[in-house]
2 protein chains.
Amino acid sequence: MTAVAAVKPETWTPRQGEVLEAALSLLVAGGDKLTMNGVARIAHCSKETLYKWFGDRDGLLVATVQWQAAKVGVPRLDRAHLDARALGRVVEDFGRALLSVLASENSVALNRVAVSHAGTTVPDLGTIVLQNGRLEMGRRLKPVLEAGRAVGLLRFADSEQAFRTFFGLVVRDVQIRLLLGDRWRPSEAEIDAEAKAAAEQFFALFGT
Amino acid sequence: MTAVAAVKPETWTPRQGEVLEAALSLLVAGGDKLTMNGVARIAHCSKETLYKWFGDRDGLLVATVQWQAAKVGVPRLDRAHLDARALGRVVEDFGRALLSVLASENSVALNRVAVSHAGTTVPDLGTIVLQNGRLEMGRRLKPVLEAGRAVGLLRFADSEQAFRTFFGLVVRDVQIRLLLGDRWRPSEAEIDAEAKAAAEQFFALFGT
DNA sequence: CATTTGCCGAACCGTACGGTACGGTACGCG
DNA sequence: CGCGTACCGTACCGTACGGTTCGGCAAATG
C-alpha cells in the first residue's frame, strides 16, 4: 500500500482563510485565473505575504485545495441499530451527499485543477484530492456496508468492490460531464431522485 | 438541444499526421510538455509550418484531440438476430471496449487536457471530447438497448437513463482515479472481469 | 520616543513561451 | 534555366507571470 499521505491539519489564521477563500474564488472563476498577482489583488494583500505564508504558487494551490477539502462535511454515519430501513436511509443519504458535493462549483473547479496538475510533473494535487475525495468516501461507507453484511442485510465478497459499484451507480457520468464543461447541472430534485435510484439499484444487486 | 458541434472531418496529409502524432506523444508525456517549440523540435518541422497548418496553439490542440478521437474504433454493433445471448455479448463487449479506451494512456492524457481547457475560457476541447467520448458512446449503444427492449429482453423507461446506469456500472471510479493520477492501471484481465460483472449487473437491473 | 515586527503596494527581474520574421534548401514547372 | 512554392532551422520580439526587493506605514513592544 502506498504511504497514505497524511493530510496536514495545517491550521490557518482567519486572515489567511480570507486569502484562501479569494484564491478559491479565482479557481472557480477559471483555473487559469489563479495568478499570484490576481490573488494578491482581490485579497488585498501583498505578494510578499503570499510567498511568506505559502512558499510558492504550488504551496498556495495545495493550501487552497486542502482548505476546500476541509470544508466538505462527510455525512454522519450512525452505526446504531441497523435494520433494513436505517441502512437504506444511510446509503441513500450518503449517495445524495456525494452527488451534491461532486456537482458543486467548488468541487468541479477543484477537481479540474487537480486533474490538470496530475498531468504535469509534481503529482501533488491529484493525490490530495484523491485522498480527500474518492478514497475518503470509501473509508467512510465501507464500515457501514460491512456492518450491513454482518447483520445479513447485504451480501458481497469484497467491500471495496461493493463500494466501487455503489460509487458508479451514484456518480454515473455526472462528474466527467461536469469536468468536461457540459453546460448542465443536476437540480436538487434530480440529485435526490438519482440518489434514491442508486440506493435502490444497489440493494437490488447486493441486498438479501 | 445544444447545436451538435459538427465534428469536422478535417483530413490531414501524412506529414501532418506525423506532426499530430508527435504532439500526441508530448501530450501523453505531460500536459505541459506540449509547447510549439517542443512539437517543432521532435516533429522536425518549423514553427512557421505549425502556425501555417494549425493557426495557433489552440488549433494544434484541437487538431490533436480530433486526430486521436478519430482513431478510437467504436465497437461494431450487429443488430441482427437479437436473442438474449447475443445481446449479452454485445453489451459486455461494449463495456470492455469502453473500459479499454478510458484506461489507455492516450485517453487519459486527452481527457486531462480537455478538462484543463474546460476550466478556462474558450470551452472548446471539453465539448469535443464530450461529443466524441461519452455522448458518442450513448448514441452507439442506445439503439441496441432499445432493440433489446423491443424484443422484450430489457425493461426500462428511458434509454438515456439506462445507458447512464450502464456507464456507471462499467466505469465506476476508474476514470476519475486515472485522471487524478492514481498509480494503478487495470490489467487486461481486470478489464475483462469488470466488463463481465458490469454486464451481469446491468441485466440484473434491467433484464426481464 | 526608539525599535522591531508584520504587512501593504509597487516596482523590478528573469524566464518561458506564443507568435513572427528571415535566410537557406529542395523540388516541381514553364 | 529561372521562378515559385513549400518547408526547415533559427533568431528574434512581446508579454505574462512567478518570484524578489524595497520603501513606507501602523501597531505592538520596551
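Below, each value reflects all heavy atoms present in this structure, side chains not excepted, and no hydrogens, waters or symmetry copies. In what follows, chains carry the letters A, B, and so on, assigned in the order in which the sequence lines appear, proteins first and then strands, with residues in each chain numbered from 1. Here the structure is a predicted model, which is why all the values come from computation and not from measurement.
Ring orientation note: the planes of A:Phe94 and A:Phe166 are tilted relative to one another, at an angle of 30° to 60°.
Counting only residues at least two apart or on different chains, the salt bridge (charged side-chain N to carboxylate O under 4.0 Å, His left out) pairs with a member in residues 159-169 of chain B are A:Asp173-B:Arg164, A:Glu194-B:Arg164, B:Arg134-B:Glu160, B:Lys142-B:Glu160.
Between C:dC8 and A:Arg41, no contact under 4.0 Å exists linking OP1 or OP2 to a side-chain N or O. The side chain of B:Trp53 contributes an N or O atom lying less than 4.0 Å from OP1 or OP2 of D:dC7.
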Completion exercise
Expected string for nucleotides 9-24 of chain C under the B/S/- scheme (protein heavy atoms, under 4.0 Å, primed atoms plus P, OP1, OP2 as sugar-phosphate) is B-------SBBBBB--

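Residues satisfying the salt bridge (Lys or Arg N to Asp or Glu O under 4.0 Å) test with B:Glu21, not counting sequence neighbours, are B:Lys71.
Residues A:Glu146 and A:Phe163 form no side-chain contact, since every pair of their non-hydrogen atoms from C-beta on lies 4.5 Å or further apart.
Within 6.0 Å of the CD atom in A:Gln16, the count of heavy atoms belonging to other residues, nucleotides or ligands exceeds 12.
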